[in-house]
Number of protein chains: 2
Amino acid sequence: MAETPRLTESASAVFAVLAQAGSATRPQLASLAGLSKPTVSSAVAELEAARLATHSGTASGGTGRSAAVYGLGPASGAVLAVDLGPARTLVRGCALDGTLLAEATGTREEAVEAVREALDALPVGAPLRTIVVAVGDVTAPDGAGGGMRPATAKAGPVFDAVSVALPPGVPVHLENNVNCAALAELHEGAALGRRTFGYLRIGVGIGLGIVIGGQVLRGANGAAGELARLPYPWDDDREPRQEALEEYVGAHSLLRRAAAAWRDADGPCPDSADQLFALAAEGRETAGALVARHAADVGRLAAAVAAVLDPGLIVLGGSTGAYPQLLPGVRAELGRLSWPTEVVSSTVGDRGTVVGAARLAVARGVQTVTEAAWVKD
Amino acid sequence: MAETPRLTESASAVFAVLAQAGSATRPQLASLAGLSKPTVSSAVAELEAARLATHSGTASGGTGRSAAVYGLGPASGAVLAVDLGPARTLVRGCALDGTLLAEATGTREEAVEAVREALDALPVGAPLRTIVVAVGDVTAPDGAGGGMRPATAKAGPVFDAVSVALPPGVPVHLENNVNCAALAELHEGAALGRRTFGYLRIGVGIGLGIVIGGQVLRGANGAAGELARLPYPWDDDREPRQEALEEYVGAHSLLRRAAAAWRDADGPCPDSADQLFALAAEGRETAGALVARHAADVGRLAAAVAAVLDPGLIVLGGSTGAYPQLLPGVRAELGRLSWPTEVVSSTVGDRGTVVGAARLAVARGVQTVTEAAWVKD
DNA sequence: TGTACTTCGTTAGGAAGTTAACTAACGAAG
DNA sequence: CTTCGTTAGTTAACTTCCTAACGAAGTACA
């Protein structure tokens with residue numbers, strides 16, 4: 001047993017690259033980490049000794065000598081991601097290469113049980129590196145201890161309830177759910193391969209996740225992308241009211257408008273966005289008009305984002321925003337008002353928030369391995 | 001004479017730090033660059049041999065042995081910054097530590113002469129590293145050659161006219177003037193010491209310079225911060241028109257509203273923002289009301305920015321935005337609508353654009369020294 | 001079944017930078 | 001005027017990583 005669990009700098013770099021790749025040969029690690037073959041050899045030896053990496057097979061593809069393949073070892077550990085949604089709680093445990101190790105679901109009330117279930121399903125002996133909890137609230141650094149707290153009161157109680165189930169001593173990071181979903185689109189969704197984009201979520205509320213250079217933009221109060229505070233209505237002779245835009249463009253307002261515009265000839269009035277979009281897809285006139293109107297509203301919101309950020313790509317998500325039927329209308333309004341900007345629909349859907357939270361947790365977990373090892377004892 | 005003009009990595013790092021500090025002792029360089037004393041010693045020797053640094057004195061302040069002070073050497077060269085404003089052209093030549101070497105001014109038509117005058121005033125023998133031209137237009141990377149071009153036609157002809165006066169072979173970088181002014185606030189203005197803020201310029205046009213982590217955010221089309229494209233008017237039953245917001249909140253509209261609201265009892269109607277703000281400062285009721293209204297409009301604009309970016313600080317500038325009289329009204333409206341955000345007035349004023357362009361040129365010039373030296377011959 | 005070719009991994013030597021210790025220079029106190 | 005504390009700069013040993021060359025282990029082909 002090594003008395004000094006510190007990693008050399010090159011070993012840390014190799015570990016980070018190995019975690020990102022999942023598994024790789026030594027030459028691959030060398031080119032990905034920008035290190036030479038001998039350095040990678042010694043780094044791999046160091047990681048194997050620390051059980052952070054293991055020899056998982058040999059690559060026997062092409063010509064030439066076959067290379068040894070390495071993967072993450074048992075000591076690399078796991079991370080936990082929790083999505084505290086308004087109705088459902090999703091929990092995910094992942095290894096540091098992102099592979100799913102445990103999964104659990106429950107209602108909001110069953111959050112504690114779901115967390116316990118996922119924790120029990122994690123492999124024994126694997127250290128839990130970090131926990132990320134996604135909440136539907138602005139999150140800001142806590143004054144004490146470097147932790148995070150919901151900045152407003154909305155998500156506070158739920159978070160407190162869940163935190164009793166979390167093992168002590170493991171760093172917990174709170175993150176806004178829209179930011180998490182944006183990260184999911186970045187890593188395995190519609191924004192794959194991009195460096196900068198905006199993820200516009202339209203549901204009961206509206207929110208924007210901003211990714212610039214692969215990093216989430218959080219803002220001075222953790223409130224970047226809180227579009228509910230855009231001035232609205234905005235005109236020469238009207239006073240904007242706080243949060244008025246969310247009431248107007250959110251899911252509730254869409255259904256309210258549907259109820260108001262509905263005529264007997266249209267059949268039963270839809271009571272969910274799903275029904276409304278289905279009727280529009282069938283060619284019903286009233287439903288189609290409502291969808292077109294909604295698309296224009298979303299397009300204006302997107303135009304406001306593009307006017308400030310010019311992100312080049314906007315991914316639409318959320319319970320009323322993710323329908324591809326909206327795309328033509330949104331693109332038309334955005335094109336009329338603002339800069340050339342791609343608009344696509346979310347591909348990760350409802351799981352986006354947990355998936356993104358898990359991505360964030362993995363990134364932080366890798367840091368703890370490569371940084372904690374540097375602490376002077 | 002050294003046959004190989006390449007710098008070692010440590011010498012490059014030390015040079016960059018020295019350029020930022022202007023002058024420094026070896027221990028200072030070591031701590032600023034994060035290098036050890038012996039490494040700095042050899043780096044300084046290398047820079048001195050290349051005439052990129054010179055021994056400029058000794059620091060004889062405190063106790064202990066007095067340290068040698070080094071500054072930039074004659075071979076470090078100079079950069080040129082040009083502000084092609086709508087009326088005036090400002091030109092500035094700087095050393096790589098930011099010290100002013102030459103200055104020239106002219107009307108828009110005299111741009112070529114002003115550039116020639118500044119170039120002539122630069123010390124002979126000092127290589128010109130780079131040129132930054134600030135234009136009132138969106139700038140985007142040119143297809144060929146890695147240069148920059150105005151993206152729309154507005155500033156194109158002026159830039160072409162000036163470019164004949166620029167010495168060939170020197171890299172030219174085009175930048176938006178609002179972005180330049182934001183950099184000036186960052187380095188020597190109201191945002192000194194900040195990492196993230198927004199510079200909101202209200203004049204004939206409106207624009208926002210976004211600085212995140214000390215870097216200007218340009219956007220996919222180079223159009224980040226082009227607030228003229230914010231949807232306006234924006235309400236349930238109005239169609240937003242492109243650029244309508246600029247017409248409404250810009251300087252022209254302020255004077256137009258003044259003319260409309262003016263009554264005979266108020267005396268002669270002001271025909272400049274200066275006059276209007278002066279009358280308001282004297283306590284004239286009509287002028288005061290117009291200023292208050294303008295402050296509320298600017299506050300709404302700031303709220304739109306804060307809703308998307310949550311920058312923590314907004315610096316107000318421009319011909320009608322820089323008046324500190326606006327601050328209370330802007331702060332009130334922003335506080336009512338959005339997140340806690342500091343609001344202050346610009347401190348660099350009209351010179352901001354050239355100063356910022358010079359800062360940008362210095363940063364790029366330092367890069368050319370430390371990078372060009374790495375090119376394999 | 002050799003032989004040639006290709007790729008993997010290790011060994012050896014060198015470049016660059018760090019820590020630690022030492023010498024040099026300067027101010028203040030006795 | 002000497003001595004002491006403090007800070008600057010240099011020298012030496014050690015660490016880390018790279019390049020270059022070589023041996024090892026595969027595949028392709030006569």
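Lettering of chains follows the sequences in order, A, B, ..., and the numbering in each one begins at 1. All of these numbers come straight from a predicted model, not from anything done at the bench.
- In this structure, the OH atom of A:Tyr70 is 13 Å from the P atom of C:dC8, given to the nearest Å.
- Counting all heavy atoms, side chain and backbone alike, B:Val14 lies closest to B:Ala43 at CG2-CB, 3.8 Å.
- Rounded to an integer number of Å, the gap from B:Leu35 CG to D:dT10 P is 15 Å.
- The B:Ser41 side chain lies nearest to D:dT10 when the options are C:dT10, D:dT10, D:dC18.
- Shown here for A:Leu186 and A:Gly214, the closest heavy-atom pair between the two residues is CD2-O, 3.9 Å.
- A sub-4.0 Å separation between OP1 or OP2 of D:dG9 and a side-chain N or O of B:Arg26 is present.
- Considering CD of B:Glu103 and SG of B:Cys94, their distance stands at 9.0 Å, rounded to 0.5 Å.
- Relative to the side chain of B:Glu9, the nucleotides C:dG17, D:dA24, D:dG5 differ in distance, and C:dG17 lies closest.
- Under the Watson-Crick or G-U wobble criterion, with both distances below 3.5 Å, C:dA29 is paired with D:dT2.
- Considering only side-chain atoms of B:Thr39, the nucleotide from D:dT7, C:dG17, C:dA12 that sits closest is C:dG17.
- Closest to the side chain of B:Ser66, out of C:dT18, D:dC18, C:dC26, is C:dC26.
- For A:Ser42 and B:Ala67, each mapped to the nucleotide of DNA chain D holding its nearest heavy atom, the one lying further toward the 5' end belongs to B:Ala67.
- Summarising the geometry, the separation between CZ on A:Arg65 and C1' on D:dA28 is reported as 18 Å, rounded to the nearest angstrom.
- Comparing A:Gly64 and A:Pro38 by the nucleotide of DNA chain C that holds the closest heavy atom to each, the one mapping nearer the 5' end is A:Gly64.
- Taking side-chain N and O atoms only, B:Ser36 has no distance below 4.0 Å to OP1 or OP2 of C:dG17.
- As a whole-Å value, the separation of B:Lys37 NZ from D:dG9 P is 9 Å.
- Comment: B:Arg359 engages B:Glu188 in a salt bridge, judged by a side-chain N to carboxylate O separation of less than 4.0 angstrom.
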